[in-house]
Student: 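To start, I am sharing the structure in question, which I have written as structure tokens.
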Amino acid sequence: MSYSAKIGPSILSSDLSQLGDECKRMMECGADYLHLDVMDGHFVPNITFGHPMVECLRTAVGPDPFFDMHMMVSRPEQWVKPMAAAGASQYTFHLEATTNPGNLIKEIRESGMKVGLAIKPGTTVEELAPWAGQIDMALVMTVEPGFGGQKFMEDMMPKVSWLRSQFPSLDIEVDGGVGPNSIHKCAEAGANMIVSGSAVVSSDDPRSVIALLKNVVMEAIQKRSLDR
Ligand code: DX5
Ligand code: ZN
């Protein structure tokens, strides 16, 4: 089993005027990576930031933190090179946003980033499956993308379980409404990369929340390896 438990705070719900400091704070509190939500007001009904912000964040936090770019944008092809140049580590695009995922996967790799492929709640996991062998990470959205602080959709868990059964070593990420109340479901289903926004960022004690989420996922991974 080649995957491990990783917690990636989404800084969408933090004080956006202090993003550099917020990113540093999350890393100091034990985050394994940072999940950065890019929204274009077209693919989703909200706007956040683009590659100029990512470049500033990279300068602020230094070369080490892994930036998982969650690209909630139409025409994701157009930001591959700018994001790579800005210091993005992984480019996670939405299957719904492109007609040629194979080509996009190739372009992302050629630009030196890892590849993530995301599906919205209405997209079946069978539609993602043909690409699973070519990507580094599958993202199963557990809310409709666009806003932080929404309710976790437990009915997405069969997608995670199916992916885990078919692709035992794939990194599988969940995003939306994930926190201490929903982490057990995600971990049992087989998710190993955990995005958590409001539950971590708005907590008085982010370090403890990150540690709790990570422990639950680590225990589930351990249990799965013993069951095999
Ligand atoms: C939603 C974003 C999420 C969001 C998660 O469209 O993709 O990353 O920030 O925030 P919570 O954990 O508060 O749902
Ligand atoms: Zn996200």
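Because only heavy atoms are used, hydrogens play no part in the values below, and waters and symmetry mates are left out as well, while side chains stay in. Atoms within a ligand are numbered from 1 in the order they appear, just like the ligands themselves. One is the number of the first residue; the rest follow in order along the sequence.
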Student: For D15 and S17, does a side-chain donor sit closer than 3.5 Å to a side-chain acceptor?
Tutor: yes
Student: Check the surroundings of atom CG in D204: do more than 12 heavy atoms from other residues, nucleotides or ligands lie under 6.0 Å from it?
Tutor: no
Student: Using heavy atoms and a cut-off under 4.0 Å, could you grab the residues that are in contact with ligand 1, chain by chain, numbers ascending?
Tutor: S10, L12, H35, D37, M39, H70, M72, M141, P145, G146, F147, G148, G149, D175, G176, G177, V195, S196, G197, S198
Student: Side chains of F66 and K6, heavy atoms from C-beta outward: is any pair under 4.5 Å?
Tutor: no
Student: Looking only at the side chains, is there a donor atom on one of H70 and D68 sitting less than 3.5 Å from an acceptor on the other?
Tutor: no
Student: Using atom types as modelled and distance alone, determine if a side-chain donor or acceptor of S10 lies under 3.5 Å from a backbone N or O of S196.
Tutor: no
Student: Are the side chain of D136 and the backbone of V115 linked by a donor-acceptor contact shorter than 3.5 Å?
Tutor: yes
Student: Taking it one step at a time, do E55 and R58 satisfy salt bridge (Lys or Arg N to Asp or Glu O under 4.0 Å)?
Tutor: CA-CA 5 Å; E55 192 176 341; R58 178 55 79 200; over 6 Å; no
Student: For the pair E96 and K120, find out whether any cationic side-chain nitrogen is under 4.0 Å from an anionic carboxylate oxygen.
Tutor: no
Student: Which one of D40, L12, V73 satisfies the side-chain contact (heavy atoms from CB on, under 4.5 Å) criterion with T48?
Tutor: L12
Student: Protein N/O/S atoms under 2.8 Å of the Zn ion (ligand 2)?
Tutor: H35 NE2, D37 OD1, H70 ND1, D175 OD2
